[in-house]
**Student:** 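Before I ask anything, here is the structure I am working with.
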Amino acid sequence: MNKEKKQFDGNIFLIGFMGTGKSTVARAFAKYHAMDVVEMDERIEERNVMSISDIFKHRGELFFRREETELLREIGTQKNKIVSCGGGVPMREENVAEMKKSGKVVLLTATPQTVLERVKDGHNRPLLENNKQLETIEELMGQRKTAYEKAADIVVSTEKKEALEICQEIMEKINREG
Ligand code: S3P
């Protein structure tokens, strides 16, 4: 099925705002290209035996951010992983450096309207809880835009596309980049 054969055997880090499709694309990509998925939020939840919301509440955001950096260092010693990063990962320069050491950084994008539609029924995103409105999403997205774009080797919009199409586009761009 995959028109574009995988040549690259490093890690692929999917970054982007909450609700841009990182988890869905990571799962599809793993299936098509025989890679292992690392869902960062899930790993951190497992390690702490606590939901992301409870980690923020009981241990604080800084603790969570340190957990992210620690996990990225571990992933950096591995290969052939497709990593669904938490939305805040590219905001630390050391995280970006860590990702670039072992792989390619792929920024997934979507409009604030689409993000709202995708996140509105969830309750495990402490930064948006009680704040699920367009203005909040637009504001936070605006604050992060520059860091996201600076971190990215490749940018792919997930707007009105099927997962398979997005996976093909990512692989084509990675192979083209070399
Ligand atoms: C966050 C995004 C979340 C999660 C945490 C913080 C952020 O991950 O890591 O709630 O700072 O943008 P997703 O982007 O997978 O929702």
Side-chain angles (χ1 to χ4, degrees), residues 11-30 35-76 81-96 98-99 103 105-152 154-159 161 163 166-167 170:
N11 295 322
I12 297 175
F13 296 89
L14 301 181
I15 63 163
F17 201 77
M18 296 170 264
T20 48
K22 293 166 290 181
S23 303
T24 309
V25 172
R27 281 195 299 272
F29 204 91
M35 293 175 87
D36 306 316
V37 181
V38 180
E39 179 65 51
M40 287 189 65
D41 281 354
E42 256 176 48
R43 284 284 174 95
I44 294 172
E45 287 183 324
E46 279 163 20
R47 281 182 185 188
N48 288 277
V49 201
M50 220 184 250
S51 69
I52 298 293
S53 300
D54 282 341
I55 296 174
F56 269 66
K57 195 155 121 206
H58 300 296
R59 303 199 166 152
E61 182 171 351
L62 184 59
F63 173 88
F64 175 74
R65 298 302 175 196
R66 288 184 178 140
E67 289 282 284
E68 287 185 315
T69 301
E70 183 59 36
L71 178 56
L72 280 174
R73 288 202 189 110
E74 289 174 29
I75 299 166
K81 308 283 178 211
I82 175 94
V83 187
S84 170
C85 296
V89 161
M91 305 313 292
R92 277 191 171 194
E93 276 184 24
E94 60 188 310
N95 292 348
V96 177
E98 201 55 54
M99 293 191 282
V105 179
V106 180
L107 171 61
L108 299 185
T109 65
T111 62
Q113 288 79 0
T114 300
V115 166
L116 178 60
E117 196 49 43
R118 290 177 184 163
V119 304
K120 70 178 182 350
D121 298 325
H123 292 285
N124 201 19
R125 290 186 173 100
L127 299 183
L128 294 180
E129 200 56 25
N130 306 319
N131 256 328
K132 288 191 205 112
Q133 55 225 350
L134 208 53
E135 299 72 40
T136 315
I137 292 171
E138 280 169 349
E139 196 186 326
L140 192 53
M141 235 187 213
Q143 287 166 13
R144 290 182 169 188
K145 190 176 184 320
T146 310
Y148 281 172
E149 287 173 356
K150 194 164 163 239
I154 285 157
V155 184
V156 176
S157 162
T158 62
E159 204 63 47
K161 287 180 195 156
I166 298 165
C167 292
I170 293 172

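Remember, it's 1-based here, ligands and their atoms both numbered in the order they're listed. Below, all heavy atoms of this structure are taken into account, side chains as well, without hydrogens, waters or symmetry copies.
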**Student:** For ligand 1, is there an N or O atom under 3.5 Å from any N or O atom of R125?
**Tutor:**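 There is such a contact, yes.
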**Student:** Is it the side chain (CB and beyond), the backbone, both or neither of V119 that lies under 4.0 Å from ligand 1, heavy atoms counted?
**Tutor:**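 V119 to ligand 1: no contact under 4.0 Å from either part.
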**Student:** With the side chain counted from C-beta on, respond yes when Q143 and E139 share a heavy-atom pair under 4.5 Å apart, and no when they do not.
**Tutor:**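 Touching, per the 4.5 Å side-chain cut-off.
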**Student:** Geometry only, no angles: is G87 polar-contacting ligand 1 at N/O separations under 3.5 Å?
**Tutor:**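 Yes; the residue has a nitrogen or oxygen that sits under 3.5 Å from a nitrogen or oxygen of the ligand.
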**Student:** Would E94 and R73 count as a salt bridge (charged side-chain N to carboxylate O under 4.0 Å, His left out) here? Give the steps.
**Tutor:** CA-CA 10 Å; E94 60 188 310; R73 288 202 189 110; 3.4 Å; yes
**Student:** Atoms of ligand 1 less than 4.0 Å from P126 heavy atoms?
**Tutor:**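 Answer for ligand 1: 10 (O).
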**Student:** Taking only heavy atoms of R65, which atoms of ligand 1 are found under 4.0 Å from at least one of them?
**Tutor:**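 So the answer, numbered in order with elements, is 6 (C), 7 (C), 11 (O).
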**Student:** Taking 4.0 angstrom as the limit and counting only heavy atoms of G86, give me the atoms of ligand 1 inside it, by number and element.
**Tutor:**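 This gives 8 (O), 9 (O), 14 (O) as the contact atoms.
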**Student:** Quick one: nearest non-hydrogen protein atom to atom 12 (O) of ligand 1, plus distance?
**Tutor:**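 Its nearest protein heavy-atom neighbour is R144 NH1, 2.6 Å.
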**Student:** Angle class for the F17/Y148 ring planes (parallel below 30°, perpendicular above 60°, tilted otherwise)?
**Tutor:**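 Rings of F17 and Y148: perpendicular, over 60°.
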**Student:** For residues 124-131, dump all side-chain donor-acceptor pairs below 3.5 Å to protein atoms at least two apart in sequence or in another chain.
**Tutor:**
{"unit_1": "N124", "atom_1": "OD1", "unit_2": "S53", "atom_2": "N", "d": "3.1"}
{"unit_1": "N124", "atom_1": "OD1", "unit_2": "S53", "atom_2": "OG", "d": "2.9"}
{"unit_1": "N124", "atom_1": "ND2", "unit_2": "E45", "atom_2": "OE2", "d": "2.8"}
{"unit_1": "E129", "atom_1": "OE2", "unit_2": "H123", "atom_2": "ND1", "d": "2.7"}

**Student:** Under 4.0 Å, heavy-atom basis, I'd like to know which part of K22 is in contact with ligand 1: side chain, backbone, both or neither.
**Tutor:**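 Within the 4.0 Å criterion, K22 contacts ligand 1 through side-chain atoms alone.
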